[in-house]
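Here's the structure we're looking at; comments come further down.
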Amino acid sequence: MVARAFDMVVIGAGPGGYVAAIRGAQLGLSVAIVEREHLGGICLNWGCIPTKALLRSAEVFHLMHRAKEFGLKADGIGFDLAAVVARSRGVAKQLSGGIGHLMKKNKITVVMGTATLAGQGRVAVKTDKGSEELVGKSIVLATGARARELPGLEADGELVWTYKHALQAKRMPKRLLVIGSGAIGIEFASFFNTLGADTTVVEVLDRVLPVEDAEISAFARKAFLKQGMKILEKTTVKKLDRSPGKVVAHLESAKGTETQEFDTVISAVGIVGNVENLGLEALGVRIDRTHVVTDEFCRTSVSGLFAIGDIAGAPWLAHKASHEGVMVAELIAGGHPHAVKPGSIAGCTYCQPQVASVGLTEAKAREQGHEVKVGRFPFIGNGKAIALGEAEGLVKTVFDAKTGELLGAHMIGAEVTELIQGYVIGRALETTEEDLMNTVFPHPTLSEMMHESVLDAYGRALHI
């Protein structure tokens, strides 16, 4: 068997992997990419994209019920879950096909199969047609992650679901338990709750969306309760008793242990990196809690071997993986890219209302010794928000009082996942409060609240 040789071999065709391949090809490298399941990886096929398609259907459904507020009439409002799921899967399929086109356009060799590191610079691939070996001057691991499963809470696809089962729901839950209130858990809770499921969310920590600023988490909690969700914080699911058509959950909190009955459970308790069966241990690659240890340029402890995206650790975000893919490809091609800065990567949660943030929370900023100035502006003070009928929300900014550095920005409300990029750019350009104050924001837009929040941090807000 003659091995095929490339400048770069990428293992995994998720957002980080396929972007690394494209950028490498643009820079003149010969590139091969190995994928065992779907081009586009988990994000495009089973994560970010299809989830947002589901949430869009829920958003439209919610707005239809509010038609009277806008002077409109809508009778007999309902939904077809199978059609909602079919649309979501169709969106994912369309984009997955687009990745295949990009591979051909950039003359990237695609090998569908399971890869194992056979030695330094060598990749063994098992395909439907047999086995082959690829040799790469540089190898990029982009194998992603999968849902974490806790003992006793394992998914069965019938009563207990992971995100994959929820994305292909064949029935509408009546009484739903969501374990975990991070982005994945809250998004599915929001989707099914909007469609009418009696939804309970359990969080082991002291607040929902625990990675967000405490003020934003508190705002979100009130909104979720108003929508009819039940929120159980500082609570652990100790056991699930399964029987035909129902699950009895044993819930433990400071009050003791109680049982509640549900017909569906979604487990969203985090992820684990796909590090198994890759041959990492034999090569001496350092692994910490299912994630490959890398430096700021995604270099592993083995020369010529890189790891990007979810397998390389937090933040577990597709846009972080993509940016790492570009950085690594440019590094391999002999360039001098800037290292990715995790603190300037935005996090977005597409629940109702949306949540978005970048940088330090107020609490983290104080913990790190910053003297801070904090600004806030409510959606109710913004003309565009009122016109949209979306007057519930908040924009919060955190500045270093001495230097004027934008330390963090935190938002909750309509379309904040689109607005947050303004602050991301500000952090990338090392913008100060003066720059933001002197920027003219268009009227009427939701973005004016970003300006007002900055002004408020310095006692200059105009509309509150």
Side-chain angles (χ1 to χ4, degrees), residues 6-60 82-115 125 127-128 134 140-146 163-164 166-168 183-184 187 191 274 308-311 316-330 332-333 340 345-346 348 350 415 417-418 421:
F6 299 88
D7 294 318
M8 180 169 73
V9 176
V10 182
I11 302 175
Y18 79 72
V19 167
I22 291 171
R23 185 59 183 140
Q26 289 176 341
L27 293 169
L29 301 177
S30 58
V31 181
I33 189 165
V34 184
E35 171 56 45
R36 68 181 180 184
E37 195 171 7
H38 303 291
L39 293 178
I42 290 295
C43 174
L44 194 153
N45 292 282
W46 296 105
C48 318
I49 299 300
T51 307
K52 304 314 162 283
L54 291 182
L55 288 162
R56 175 60 172 166
S57 291
E59 181 183 20
V60 173
V84 170
V85 170
R87 176 181 181 271
S88 170
R89 302 310 310 149
V91 169
K93 184 178 180 181
Q94 178 182 343
L95 290 173
S96 181
I99 302 303
H101 169 73
L102 289 172
M103 297 298 100
K104 290 179 182 178
K105 176 184 175 182
N106 288 280
K107 297 180 173 58
I108 295 164
T109 299
V110 177
V111 182
M112 298 303 294
T114 302
V125 186
T127 70
D128 290 340
L134 308 177
V140 181
L141 297 175
T143 54
R146 63 187 183 278
Y163 62 88
K164 264 195 174 183
L167 281 168
Q168 306 172 87
I184 295 173
E187 286 183 357
F191 172 73
N274 293 322
I308 63 175
D310 288 356
I311 193 178
W316 297 288
L317 300 166
H319 43 289
K320 173 253 197 184
S322 295
H323 203 80
E324 287 177 339
V326 170
M327 177 190 69
V328 164
E330 292 180 351
I332 291 170
V340 175
I345 297 173
C348 298
Y350 298 80
E415 302 305 327
T417 57
E418 299 292 337
Q421 187 62 13

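We count residues from 1, following the sequence as given. Remember, it's a predicted structure, so these values are computed and weren't measured experimentally.
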Interatomic distance, CZ@Arg23 vs OG@Ser322, rounded to 0.5 Å, equals 13.5 Å

Minimal heavy-atom distance between Ala329 and Gly24, with the atoms involved, is CB-N, 3.6 Å

### Query
So do Asn106 and Val31 actually touch side chain to side chain, heavy atoms under 4.5 Å?
no

Looking only at heavy atoms, the pair that brings Ala142 and Ile308 closest together is CB-CG1, 3.8 Å

Considering only heavy atoms from C-beta outward, does the side chain of Val84 approach that of Phe191 to under 4.5 Å?
yes

dist Leu54:CG -> Ile49:CD1 (nearest 0.5 Å) comes out at 12.0 Å

Separation between NZ (Lys93) and CZ (Arg89), nearest 0.5 Å, reads 10.5 Å

The reported gap from NZ in Lys104 to OG1 in Thr109 (rounded to nearest 0.5 angstrom) is 13.0 Å

For Trp46 and Tyr163, the nearest pair of non-hydrogen atoms, with its separation, is O-CD1, 3.2 Å

query: Does any non-hydrogen side-chain atom of Thr51 lie less than 4.5 Å from one of Tyr350?
result: no

Rounding to 0.5 Å, atoms CG (Leu27) and CD1 (Ile22) come to a distance of 12.0 Å

Query - Val110 side chain near Glu35 side chain, heavy-atom distance below 4.5 Å - result: no

Note: Gly40 and Asn45 closest approach over all heavy atoms is C-ND2, 3.7 Å

Got a salt bridge between Lys164 and Glu37, using NZ or NE/NH1/NH2 to carboxylate O under 4.0 Å? yes

Exercise. Within a reach of under 6.0 Å around CD of Gln168, are more than 12 heavy atoms found that belong to other residues, nucleotides or ligands?
Worked result: yes

Exercise. Taking Ser88 for the side chain and Pro50 for the main chain, is one N or O donor matched with an acceptor at less than 3.5 Å?
Worked result: yes

Inset, instruction - Decide yes or no on side-chain contact (heavy atoms from CB on, under 4.5 Å) for Ile332 and Asp7, but give the supporting numbers first. - result: CA-CA 9 Å; Ile332 291 170; Asp7 294 318; 5.7 Å; no

More than 12 heavy atoms of other residues, nucleotides or ligands under 6.0 Å from CD of Gln94: is that the case?
no

All heavy atoms of Ala145 vs all of Asp310, minimum pair found to be CB-CB, 3.8 Å

Validation row: Phe6, Leu134 side chains within 4.5 angstrom (heavy atoms): yes

Rounded to the nearest 0.5 Å, the CE atom of Met327 sits from the CD atom of Glu324 at a distance of 5.5 Å

All heavy atoms of Ala21 vs all of Ile33, minimum pair found to be CB-CD1, 4.2 Å

With sequence neighbours left out, the residues meeting side chain to side chain contact (heavy atoms under 4.5 Å, CB included) with Thr127 are Val111, Val125, Lys129

